[in-house]
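Note that the structure is a prediction, hence the values are computed from the model and not measured. Letters go in sequence order (proteins before strands), and every chain restarts at 1.
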Protein chains: 2
Amino acid sequence: MYIFAQLFNNIVKLMDKKQVIIPDKTTEERILDAARTVFTRNGFAAARMEDIAKEADMNRALLHYYFRSKQKMFEVIFEENLKHFFENFLNILTTEEELEIKIRKLVTAEIDMLLKNQYLPLFMLNEMNRNSEMIKERLFQIPQKQLIPEFIVQVEKEIRKGTIKKVAPMHLLINIISLCIFPFAGKPMMMTISGINQKQFELMMEDRKKIIADLIISSIKK
Amino acid sequence: MYIFAQLFNNIVKLMDKKQVIIPDKTTEERILDAARTVFTRNGFAAARMEDIAKEADMNRALLHYYFRSKQKMFEVIFEENLKHFFENFLNILTTEEELEIKIRKLVTAEIDMLLKNQYLPLFMLNEMNRNSEMIKERLFQIPQKQLIPEFIVQVEKEIRKGTIKKVAPMHLLINIISLCIFPFAGKPMMMTISGINQKQFELMMEDRKKIIADLIISSIKK
DNA sequence: GTCTATAATTTGATAGAC
DNA sequence: GTCTATCAAATTATAGAC
């Protein structure tokens, strides 16, 4: 029953504001979309319920009706972002793939993901930096404890076999992560310094897929 | 005249709270020290005037007496941090030094600076990401416009001379910056993932001075 | 210059009509 | 479910005593 009321409501708004509102999204989805945008862009502290309401084209009261508090709403988005940020990377990190292939896949997948979520790095870095209990708890639940060592073991095995140079596996991993993620966290700086625009930035990151992988691989090749 | 009153005041507080307060710092300096700590750690949005007052061991009213508003106080600290973040790096970038030596100096100086200012990267990345008019204006005033091209010219010259491989100068620069700065911005993540403590993190960054420089240099050597 | 008390503003959260 | 009106709390900023 209410689905028609909502549909009608959206169509009225659509005509009224001459704006495209996807009519088949539930209110909850519209709120989450808006919350994702605002929280990911501004972080918890700088995000305003009013901003989210405006982004979702509704009023603040409705946000509280669906999610009770800013904190609870944030936790949903943080959870999403945390998973998004780590999941794919950690999955590739522990496949049975040969090391060189794996490094190329890691870099490509990571940069592709970040090109679609350009505010994610700064969001994650910030929220992990904040000393929030909730976030510390959630971080400890990540299965990194097992996944990272798996990769390290793989690198150590290659070193013993003599197929790659003797490198510190943890540094290797940090190098890969740094080279992929930093340009996104520092995008405004990059763009100002080098005077490039959004489109040029994205093209540059496409180039970096090969540049980073080559750099890393040449540093471990004998 | 008032310098004695202040000295007396500080000594009283010192005895009263059994706490070491350097008595020869002016009130303004004590406020700036506190503001630097709080703003750099938490960013503008999450920083509270109350936090700064507590850190400086005085009350909020006094902060306003000296700096009028939170915004004005922040601008002083931002200015300081901006200079601190770029100045030394850009100076080294444009010395007459030979390229390989220069890269080693850049990496060492940058990591040394960041070891002493571990919250600086995240602060700068965040504030540059915020769309503040004041910050955009200040960024444009940085002499990067001239300094970066100077370095790029140097690299291009080496390539033409045939002393180094044919690499994209801008990517080379971004690689150096990424490798040095990212671990500090992602310190909480690094520490959680690899289970290391503050002391171990700092030792790791000491190791990275050589690791990063070697990596970069080996990638340009013929 | 420094403090206490208080005003003003912003922001998160709720009540109640429809 | 959604809105308007309102409250409550947090936070910045000022007034005025000492």
Atom-pair distance (CZ on B:F67; P on C:dT2), nearest Å: 12 Å
At 10 degrees resolution, what angle do the end axes of the helix from C:dG1-D:dC18 to C:dC18-D:dG1 form when each is taken over five base pairs? 10°
Which parts of nucleotides 11-18 of chain C does protein reach within less than 4.0 Å, heavy atoms only, written one letter per nucleotide 5' to 3' as B for base, S for sugar-phosphate only and - for none? SBBBB---
Roughly how far, to the nearest 0.5 Å, is CE of A:M49 from CG of A:L63? 5.0 Å
Check the phosphate of C:dC3 against B:N59, side-chain N and O only, distance under 4.0 Å to OP1 or OP2. Yes or no? yes
Hey, can you pull the donor-acceptor pairs under 3.5 Å for the side chains in residues 105-114 of chain B, sequence neighbours left out?
unit_1	atom_1	unit_2	atom_2	d
B:K105	NZ	B:E97	OE1	2.9
B:T108	OG1	B:R104	O	2.9
B:D112	OD1	B:K209	NZ	2.7

Nearest-0.5 Å distance, CD of residue B:E87 to CG of residue B:N91: 5.5 Å
Tell me the interatomic distance from A:L62, atom CG, to D:dA5, atom P, rounded to whole angstroms. 16 Å
Which residues share a ring pair (Phe, Tyr, Trp, His ring centres under 6.0 Å) with B:F151, sequence neighbours left out: none
Residues which pass ring pair (Phe, Tyr, Trp, His ring centres under 6.0 Å) with B:Y119, listed by chain and number, not counting sequence neighbours: none
Checking B:F39 now: which residues fulfil ring pair (Phe, Tyr, Trp, His ring centres under 6.0 Å) with it, not counting sequence neighbours? B:F74
Rounding to an integer number of Å, can you tell me how far A:L63 CG sits from D:dG1 P? 14 Å
May I ask you to check whether B:F184 and B:F201 place their ring centres under 6.0 Å from each other? yes
B:F74 CZ - D:dT12 P separation (whole Å): 13 Å
Decide yes or no on side chain to side chain contact (heavy atoms under 4.5 Å, CB included) for B:M58 and B:T27, but give the supporting numbers first. CA-CA 9 Å; B:M58 60 184 65; B:T27 303; 3.9 Å; yes
